[in-house]
2 protein chains.
Amino acid sequence: MLLFWRKGYEATAMSDLVEGLGLGRGSIYAAFGDKHQLFVRALARYLDRQNTLLRTAFADEGPALAQLRDVLDRLLAADAACGNAGCFSVNSIAELLPHDEDVARLARQSLAAAEEAFTRQLARAADEGDLSPSLTPEAGARLLLTLVQGLQIVRKVDPDPAHTAATLDSAFTLLAGQPASLTPTA
Amino acid sequence: MLLFWRKGYEATAMSDLVEGLGLGRGSIYAAFGDKHQLFVRALARYLDRQNTLLRTAFADEGPALAQLRDVLDRLLAADAACGNAGCFSVNSIAELLPHDEDVARLARQSLAAAEEAFTRQLARAADEGDLSPSLTPEAGARLLLTLVQGLQIVRKVDPDPAHTAATLDSAFTLLAGQPASLTPTA
DNA sequence: CTAGTTCCGGACCGCTCGTTCCATAACAAG
DNA sequence: CTTGTTATGGAACGAGCGGTCCGGAACTAG
């Protein structure tokens, strides 16, 4: 739901949703129950799509760390495509937690899934010698996950894609341990 | 303003503020204009306090990287003291950007100030040999700033202080380049 | 004490919110 | 075509919103 994404839960009125969905009020209530349930459904859809992206992108073999970087780029690009609204998940967590138990549950599941996917991918990277020895895959995953959430906030203040890319570059350079492995200079 | 902090802008009603401030409606409007101006004033106060904390904490001499870590710990602890409401600044950015120009201006200023303070501190750390050679102070500052914003989101989902501390530990280990420098093992 | 001034806060206003309801459109079965 | 059923969406509702207003308390000066 683009409206909830862009404006947040409280700032989106039922009348906005009626206009945005092209449905009558009665139909919306018949289909979703109430405003909050509609929001939760929309968020669940969004998170599911995100997690599917992660799961499928990591199925292949190949250079694990470069794959990870690529997925993060695509993920950030997808969120950026929706007019600097940031990330629906991050926005919802910031606005509704810790008060909303449904959103909290969804967020816990989604972040745990992402963290696990990152961990598996970083474990592969470690096998390939692309992970800094000072970092366990678990620690690296948590670090990366946290950084991505932070990027979603920082991007709302400074939307320059180059800055986002530069931050990711720095992070992956550190993760790799040896700078040359990701960007083989000549 | 604790109420705006905890519940966000839209979810906080004037009647909440009347009760919370112990003032009558009329007095509030006479003093602040309207709800939005009151919010902006509250946010500005919060940001000012945060930036003051940074500025004063970095005035001293001493081990720059350890100082930085200490400041971040204190900053996160201060936000945690207010019942897992997260960080007022991060919450506001997520809820109101990109629609609210006043909040956008405040956020830009505050983040820029923090980034600059981090940069100066990391430059000092570099002089002391405590910064990874694969990182400029500017890149490290942006990385750290982004990570802290991310921590404020992740903490709302997983409030365990140990996890927050562990994430910071990993980050500083990577920033330092050589793991032994921060935690001199025997 | 009185008169003048300031400031507070509860009653009140118009409006919009989320939600419900129902006349009617649309369609399937006989 | 008629009838029974479902689904639609606009009108209407009570509640609660942000914002205004004014009677009176509190304080100062003479």
Side-chain angles (χ1 to χ4, degrees), chain A residues 1-47 82-83 85-86 88-89 91-107, chain B residues 1-47 82-83 85-86 88-89 91-107:
Chain A
M1 192 57 43
L2 282 242
L3 290 167
F4 279 138
W5 189 347
R6 275 199 246 268
K7 308 181 33 170
Y9 177 70
E10 295 286 353
T12 302
M14 256 353 251
S15 57
D16 296 329
L17 295 169
V18 167
E19 194 176 351
L21 290 176
L23 291 177
R25 286 172 125 77
S27 310
I28 295 179
Y29 276 90
F32 298 103
D34 61 10
K35 185 190 178 188
H36 186 260
Q37 287 181 53
L38 172 55
F39 179 85
V40 170
R41 289 272 294 263
L43 180 59
R45 252 177 103 86
Y46 172 88
L47 293 177
C82 296
F88 189 20
S89 166
N91 293 354
S92 303
I93 291 170
E95 180 182 0
L96 298 174
L97 258 59
H99 302 297
D100 189 315
E101 198 48 51
D102 294 315
V103 172
R105 212 188 57 251
L106 285 177
Chain B
M1 192 55 44
L2 282 241
L3 289 168
F4 279 138
W5 190 348
R6 275 200 247 267
K7 308 183 30 170
Y9 177 69
E10 296 286 352
T12 302
M14 273 324 276
S15 56
D16 295 330
L17 295 169
V18 167
E19 193 176 350
L21 291 175
L23 290 177
R25 282 173 126 73
S27 311
I28 294 179
Y29 277 88
F32 298 102
D34 61 11
K35 186 191 178 188
H36 187 259
Q37 288 182 52
L38 173 56
F39 179 85
V40 170
R41 289 273 295 262
L43 179 59
R45 251 177 103 88
Y46 173 87
L47 293 177
C82 295
F88 189 20
S89 167
N91 294 354
S92 303
I93 291 170
E95 180 182 0
L96 299 174
L97 258 59
H99 302 295
D100 190 315
E101 198 48 52
D102 294 317
V103 172
R105 212 188 56 250
L106 284 177

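Each chain gets a letter, A, B and so on, in the order its sequence line appears, and its residues count up from 1.
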How long is the line joining [atom1] of [X] and [atom2] of [N], in whole Å?
X	N	atom1	atom2	result
Tyr29(A)	dA11(D)	OH	P	17 Å
Met14(A)	dT20(C)	CE	P	10 Å
Leu3(A)	dG18(C)	CG	C1'	16 Å
Leu17(A)	dT16(C)	CG	P	17 Å
Ile28(A)	dT19(C)	CD1	C1'	12 Å
Leu38(A)	dT19(C)	CG	P	10 Å
Glu19(A)	dG10(D)	CD	P	11 Å
Glu10(A)	dG18(D)	CD	P	11 Å

For the side chain of Asn91(B) and the backbone of Gly86(B), is there at least one donor-acceptor N/O pair under 3.5 Å apart?
-> no

Within 45 degrees of the axis of the six-membered ring of Tyr9(A) and under 6.0 Å from its centre: does Lys35(A) put its NZ or CZ there?
-> yes

Answer yes or no: does a side-chain N or O of Ser27(B) lie under 4.0 Å from OP1 or OP2 of dG9(C)?
-> yes

Looking only at side-chain N and O atoms, does Ser15(B) come under 4.0 Å of OP1 or OP2 in dC17(D)?
->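 For Ser15(B), the contact criterion (side-chain N or O under 4.0 Å from OP1 or OP2 of dC17(D)) is met.
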
Between Gly26(A) and Ala13(A), the residue closer to the 5' end of DNA chain C by nearest nucleotide is Ala13(A)

Where each residue is assigned the nucleotide of DNA chain C containing its nearest heavy atom, which of His36(A) and Leu23(B) is assigned the position nearer the 5′ end?
->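 The 5'-side residue here is Leu23(B).
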
Hey, what do you get for CZ (Arg45(B)) to CG (Leu106(B)), rounding to the nearest 0.5 Å?
-> 14.0 Å

Between Phe39(A) and Phe88(A), is the gap from one ring center to the other below 6.0 Å?
->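 Yes, the ring of Phe39(A) comes within the 6.0 Å limit of the ring of Phe88(A), centre to centre.
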
Between the side-chain atoms of Arg25(A) and the base atoms of dT19(C), is any donor-acceptor pair under 3.5 Å?
->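 Check passes, donor-acceptor contact within cut-off.
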
